[in-house]
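In the text below, chain A, chain B and the rest are named by the order of the sequence lines, each starting its count at 1. Keep in mind that this is a model prediction, so the values were computed, not measured.
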Amino acid sequence: MTDPGAKSFYITTAIDYPNGAPHIGHSMEKVAADVMARFHRLLGDDVAFTMGLDENSQHIVTAAKTAGIETGPFTDEMDRVFRASWDALQISRSSWVRTTEPRHTVASQELFSRALANGDIYKSTYAGWYCPNCNNYYTEDELVDGRCPNHPSITPEWLEEENYFFALSKYSDFLRDHIAANPEFITPSTWTAEVMGLIESGLRDFSVSRRVKPDTEPWGVPVPGDPEHVLYVWFDALTTYLTGIGFPEDGGTSGRYWPADSQVIGKDILRFHTLYWPAMLASAGLPLPRRIAIHGFMTLEGRRISKTTGNVISPIEVVDEFGADPVRYYLMRDLSFSSDGDFSRSKLIRRYNDDLGNDLGNLLNRVVAMIGRYRGGVVPAASDGEAIEAELREIAANAHERAAHHIDQWQLNEALEEIWQLVRRANQYLEARKPWTLAKNEADAGLLDTTLYTAAEATRLAGLYLAPFIPGSADKIMAQLGLDPIADGDWTSKGTWGSADFGTVDPAGPLFPRIEVTE
RNA sequence: GCCGGCGUAGCUCAGCGGCAGAGCAAGGGACUCAUAAGCCCUCGGCCGGUGGUUCGAUUCCACCCGUCGGCACCA
């Protein structure tokens, strides 16, 4: 399917920490990344898309213990739940990395070894408040009245251990220069000042290993040549982005896809992806990702999502009720990628009914119904028409161009707004031409043909442009219009006016049946 | 405390030096192809406050108030 000469596009999402099932708040990042991946496939690019799970943490071991399950089966179950959630949302990942996989051990050790060989890793002393039950260190702030946050009965002791450090401080100038020279590296740019501020306030080296304690379950990637240590967080978690494309086999796929075009993360891990990660890559002699795309956080009905509040909703639950496309549409339309947003059931329903049902679904429905009624289902040939037809063609061309630009800039809600200009204009167009009136007069047959074709074509293009956002529905639009399902490269080859051969419409009923609000 | 974001119509937000914008919500109207949908019109804002720069500020600057984040080994 993919042209070997195609441009490659590599995108990743943050890997999740599977100490519990995913909730709706995790889904915005995944959907946004998926929209981008699908958009690039539509452009004809050869897309790789990595997601995964960060399983190498003592917190996971603790969570498994709490659940009374062995760590392996526990993470296997979490793995199943996470994949099922993203599948429900139609996230089109191409690779899935669990940090416990052997291939990931290889990749992490390789990255570590390269940084070591480059002289950026050294041994030093790490100190912190150690809780033996958690097998974890805490900072002063994290302790609750001097006790372990997870084990109120335990008073952690101050422990020092020798472990490995990464020389982040050496990269201050490099990072500052890179960020200044590549304004798109941090997207949206509102975060640039914050990151620069972090650099100016001074970067400290960070520890990258933990000593394996006796009598604890070994869990993690051994440090190459020093099995007394396991990699701690960064050289393990961040490396998944490389594992996903076959690193360190540079003759294979990783050479083709790296550097990543976009790495999508939440604002909480900004520091690690804009400072630690590029420094680690530079140290290992690898090029840096072109862009770190940072999204805001989601509240649920106005409240912070948290287990203690009890307001967690699973993505599967929401998809079961509304369908994947409506949820995807709502997330991308109402919640700005770059800022925090609130997920609200009533607003989702409003978006569904008003935008998807009334504007888009009803447009499709009236178009296929009229073509069926007035032209026996065959989309008629048409003349160019008059100014009003030209105007609609121009709106479509604008939507094509501007939506692409906005998607490229990670302004996904604005891309949808542009496409909706076309949807709205198509409805207005029908009101202006009044095909139901034209149909009453044989003398208007030619104009009726033009009107029906023009409306059908506008609907087709809107459906195509929406394909990255609502892929299943986009295909249904094509099917009702009697067209082939959307394929890779169609944004270009079929994205302009008149680039499809219509046949016979296939009315299949409302695309987004209205949801009746009860309360 | 330090750094940063935000505060514009009932709601969600756009605009960021030159007569206040969109969508939704609310009210009215003409139509009927369509998911009682679509279309048209109307209502609606001392653009958080105070001072300053400017011929002119929602837009730039200062301060204040409110609000939300970040402040490092925590995903």
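Between A:A403 and A:A415, the shortest heavy-atom distance links the atoms O-CB, 3.8 Å.
The partner of B:G51 is B:C61, by the rule that a Watson-Crick or G-U pair needs both atom distances under 3.5 Å. Base pairing annotation: B:A9 forms no Watson-Crick or G-U wobble pair, as no partner gives both donor-acceptor distances under 3.5 Å. Nucleotide B:A37 forms a pair with no other nucleotide shown, judged by Watson-Crick or G-U wobble geometry with both contacts under 3.5 Å. Both distances falling under 3.5 Å, in either a Watson-Crick or a G-U wobble arrangement, place B:C2 opposite B:G70. The partner of B:C16 is absent, by the rule that a Watson-Crick or G-U pair needs both atom distances under 3.5 Å. The partner of B:A26 is B:U42, by the rule that a Watson-Crick or G-U pair needs both atom distances under 3.5 Å.
Below 30°, between 30° and 60°, or above 60°: for A:F297 and A:H295 the angle between ring planes is between 30° and 60°, a tilted geometry.
Within the 4.0 angstrom heavy-atom criterion, base atoms lie near A:P513. As judged by a 4.0 angstrom heavy-atom cut-off over every strand, A:R424 is placed among residues touching the sugar-phosphate backbone only. In this structure, A:L270 reaches neither bases nor backbone, as no heavy-atom distance under 4.0 Å exists between it and the strands shown.
Between the C1' atom of B:G23 and the OH atom of A:Y329 lies a distance of 10 Å, rounded to the nearest Å.
In terms of phosphate contacts, A:R514 brings a side-chain nitrogen or oxygen within less than 4.0 Å of OP1 or OP2 of B:A37.
Nearest nucleotide to the side chain of A:F272, out of B:C74, B:G38, B:U35: B:C74.
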